[in-house]
Amino acid sequence: AQSVTQLGSHVSVSEGALVLLRCNYSSSVPPYLFWYVQYPNQGLQLLLKYTSAATLVKGINGFEAEFKKSETSFHLTKPSAHMSDAAEYFCAVITRKNAGNMLTFGGGTRLMVKP
Amino acid sequence: DAMVIQNPRYQVTQFGKPVTLSCSQTLNHNVMYWYQQKSSQAPKLLFHYYDKDFNNEADTPDNFQSRRPNTSFCFLDIRSPGLGDAAMYLCATSWGGNQPQHFGDGTRLSIL
């Protein structure tokens with residue numbers, strides 16, 4: 001069964017610093033991976049998706065993620081943090097079930113950005 | 001342009017009083033999902049519809065039911081809310097397959 005693990009439930013960075021949020025996956029088949037962001041009292045917004053076309057995936061708001069099969073990782077990065085990046089981030093993998101697709105989420109990482 | 005719309009954004013109900021949350025979509029996706037999310041946790045899938053086919057998760061309490069009268073709308077009914085049902089409820093839609101899910105802004109349910 002596919003699963004994802006996010007290392008670090010809380011990450012704190014200074015404004016302007018590199019953001020690195022870690023996600024490792026477990027899958028016996030090529031995975032389809034996603035990163036979502038959730039701002040307070042809002043739903044989940046898709047940041048980016050990996051669908052095997054390219055290992056380096058660029059998303060919205062300056063985020064990108066690199067798929068590394070050898071490390072079973074799909075870490076999310078942003079070169080320079082902004083105060084508006086403070087939010088909860090979820091890594092997710094598609095798990096097929098019945099006719100729909102299911103998302104299996106990691107536990108989430110709360111990103112805090114210090115001035 | 002809102003694509004997955006949830007109403008209301010905030011809902012307060014009394015212990016044991018039935019409540020209905022609604023979700024509509026303009027994406028014409030054939031799959032619609034309902035999730036429960038508690039504080040500082042990942043969303044937990046309750047059930048989903050693939051077109052008109054209803055798929056319940058094994059651990060979803062019987063207290064939770066859903067209706068999908070047409071492609072655009074889906075409802076979550078909680079028959080007798082308990083204090084433990086206070087949470088954010090998220091609706092999502094998708095084409096299925098390997099396509100991403102698109103989420104609404106959620107309804108935060110409080111139980112008095």
Side-chain angles (χ1 to χ4, degrees), chain A residues 1-6 8-11 21 23 27 29-53 57 59-60 65 67 74 87-112, chain B residues 2-11 21 23 25 27 29-58 68 74 87-110:
Chain A
Q2 290 92 336
S3 65
V4 289
T5 302
Q6 292 181 241
S9 59
H10 292 80
V11 170
L21 304 183
C23 173
S27 178
V29 297
Y32 286 83
L33 295 158
F34 305 90
W35 275 101
Y36 284 89
V37 61
Q38 186 176 32
Y39 299 101
N41 290 314
Q42 293 187 22
L44 277 67
Q45 181 182 5
L46 181 67
L47 273 177
L48 49 79
K49 60 181 180 181
Y50 170 74
T51 56
S52 76
V57 182
I60 62 171
F67 176 78
F74 190 56
E88 187 89 20
Y89 292 79
F90 292 98
C91 181
V93 64
I94 281 186
T95 303
R96 290 223 181 78
K97 182 176 179 181
N98 300 324
N101 66 4
M102 303 300 112
L103 280 179
T104 298
F105 289 95
T109 298
R110 182 167 298 277
L111 175 66
M112 295 167 284
Chain B
M3 295 179 288
V4 183
I5 304 161
Q6 292 188 243
N7 285 304
R9 290 294 314 280
Y10 300 90
Q11 176 74 56
L21 309 181
C23 176
Q25 59 147 334
L27 297 164
H29 286 164
N30 52 350
V31 193
M32 294 187 78
Y33 309 81
W34 279 105
Y35 290 87
Q36 180 192 65
Q37 185 180 29
K38 296 192 174 181
S39 181
S40 300
Q41 296 182 20
K44 177 180 180 297
L45 183 64
L46 295 172
F47 26 59
H48 77 279
Y49 275 93
Y50 189 95
D51 292 327
K52 295 182 178 181
D53 294 332
F54 178 71
N55 297 272
N56 199 27
E57 294 302 297
R68 189 180 185 184
C74 195
M88 173 77 92
Y89 289 88
L90 296 167
C91 175
T93 71
S94 170
W95 286 119
N98 297 320
Q99 298 304 308
Q101 295 181 17
H102 299 265
F103 287 80
D105 279 337
T107 294
R108 182 166 295 282
L109 178 66
S110 299

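By convention in this document, chain letters (A, B, ...) are assigned in the order of the sequence lines, proteins followed by strands, and residues within each chain are numbered from 1. All values derive from a computational prediction rather than experimental measurement.
With chain A as partner, the option from B:Leu90, B:Asp105, B:Asn98 having the largest number of non-hydrogen pairs under 4.5 angstrom is B:Asn98. For chain B, the option among A:Thr51, A:Thr104, A:Leu103, A:Leu46 with the highest count of heavy-atom pairs below 4.5 Å is A:Leu103. Considering only heavy-atom pairs separated by less than 4.5 Å from chain A, the leading option among B:Cys91, B:Gly104, B:Pro100, B:Gly106 is B:Pro100.
Every residue two or more places apart in sequence or in another chain that forms a side-chain contact (heavy atoms from CB on, under 4.5 Å) with B:Ala92 is listed here: B:Tyr33, B:Tyr35, B:Gln101, B:Phe103.
Listed here is the closest heavy atom pair of B:Ala42 and A:Phe90: CA-CE2, 3.5 Å.
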I'd like a table of donor-acceptor pairs (distance under 3.5 Å, sequence neighbours excluded) in which one partner is a side-chain atom from residues 37-45 of chain A, with atom names and distances.
from	atom 1	to	atom 2	distance (Å)
A:Gln38	OE1	B:Gln37	NE2	2.9
A:Gln38	NE2	A:Gln42	O	2.9
A:Gln38	NE2	B:Gln37	OE1	2.8
A:Asn41	OD1	B:Arg108	NE	3.1
A:Asn41	OD1	B:Arg108	NH2	3.1

